[in-house]
Every structure is written in structure tokens, then in C-alpha cells.
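One structure below.
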Amino acid sequence: MSVERAEEAASVASADATAAATVQTYAVAPGVRLNVRSGPGTNYTIVRVLPEGSRVPIFCQTPGTSVTGPYGTSKIWDNIDSGEYVSDAYVLTGTDGYVASRCG
């Protein structure tokens, strides 16, 4: 590998690491093991369960099934990974509204 290609690869890796480090995460309600679903509603399949003390990134948000949780009642669902959603009623975002762009 040439020096230029090595420098380019290092620059890309550094940018990726910086982007990953700047993703904001939000705390899941204390004492909660949170169901992660395949879509924005309780009618979607549970794909995994987050352990107590988890933090989640929110890549985008979308309306879905109304859920009542520790942080009120909300129809907002948070996209935390590809094909993975959690109810915003269980995530401490500091607001009852949207904190991320709407999912497209």
C-alpha cells in the first residue's frame, strides 16, 4: 500500500470513529428490560430485549402504537438500529416531542 493510500485509509477510519463517538445516546428507564420490536408498534415482533441500564441511539423517530410508560404516554417510536424500534415512553429524551428527524 502506498503512503498516500495508507494516509487516506487512516483519515477515513478517523472520520468513522469521530462520527461513532458523536452519536448521542439516551437512557432507558431505570429498572426496565425494554422490548425492541421490528416496527413502530406493539403488534410488531420482538427482536430482542435490552437489559436494565441500557442506553440507545435514536437515528430517527416515527409515529406508531400509543404506549404508556415511565415517561408518559407516547405514539413516538425510536429507531435504534436497522429494523429495530422502541417506544419513546421508555426512553429519557427530555421532551414529549421529537428529538430526531422523522424516519423516511
Response to the item:
Looking only at heavy atoms, the pair that brings Val47 and Ser38 closest together is CG1-CB, 3.9 Å
Worksheet entry | Gap separating the OG1 atom of Thr25 from the CG atom of Leu92, nearest 0.5 angstrom | 11.0 Å
Practice prompt. Test side-chain contact (heavy atoms from CB on, under 4.5 Å) on Val91 and Val56 and set out the steps.
Written response: CA-CA 8 Å; Val91 180; Val56 295; 4.1 Å; yes
Worksheet item: Should the heavy atoms of other residues, nucleotides or ligands under 6.0 Å from CG of Asp96 be counted, would the total exceed 12?
Response: no
Fill in: Heavy-atom side-chain proximity of Val36 to Leu50 below 4.5 angstrom
yes
Discussion item. How long is the straight-line distance from CZ of Arg102 back to OG1 of Thr62, given to the nearest 0.5 Å?
Written reply: 7.0 Å
Fill in: Any donor-acceptor pair under 3.5 Å from Gln61 side chain to Val99 backbone
yes
Worksheet, complete the sentence: Between Asp81 and Phe59, the two heavy atoms sitting closest are N-CD1, 4.0 Å
Worksheet entry | Nearest heavy-atom neighbours spanning Arg37 and Asn35 | NH2-ND2, 3.8 Å
Worksheet item: Between SG of Cys60 and CH2 of Trp77, what distance do you get to the nearest 0.5 Å?
Response: 13.5 Å
Worksheet item: Got a second to check how far Gln24's CD is from Arg55's CZ, nearest 0.5 Å?
Response: 8.0 Å
Worksheet item: Are any of the side-chain heavy atoms of Val49 and Leu34 separated by less than 4.5 Å?
Response: no
Worksheet, complete the sentence: Looking only at heavy atoms, the pair that brings Val32 and Tyr90 closest together is CG1-CD2, 3.8 Å
Considering only distance and modelled atom types, tabulate donor-acceptor pairs under 3.5 Å from the side chains of residues 64-74, sequence neighbours left out.
{"unit_1": "Thr65", "atom_1": "OG1", "unit_2": "Thr42", "atom_2": "N", "d": "3.4"}
{"unit_1": "Thr68", "atom_1": "OG1", "unit_2": "Thr73", "atom_2": "OG1", "d": "2.7"}
{"unit_1": "Ser74", "atom_1": "OG", "unit_2": "Ile76", "atom_2": "N", "d": "2.9"}

Worksheet item: Are side-chain heavy atoms of Tyr85 and Ile80 found at a separation under 4.5 Å?
Response: no
Worksheet item: How about Lys75 and Pro40: do any of their side-chain heavy atoms sit closer than 4.5 Å?
Response: no
Worksheet item: Looking at Pro57 and Val23, what are the two nearest heavy atoms and their distance?
Response: CB-CG1, 3.7 Å
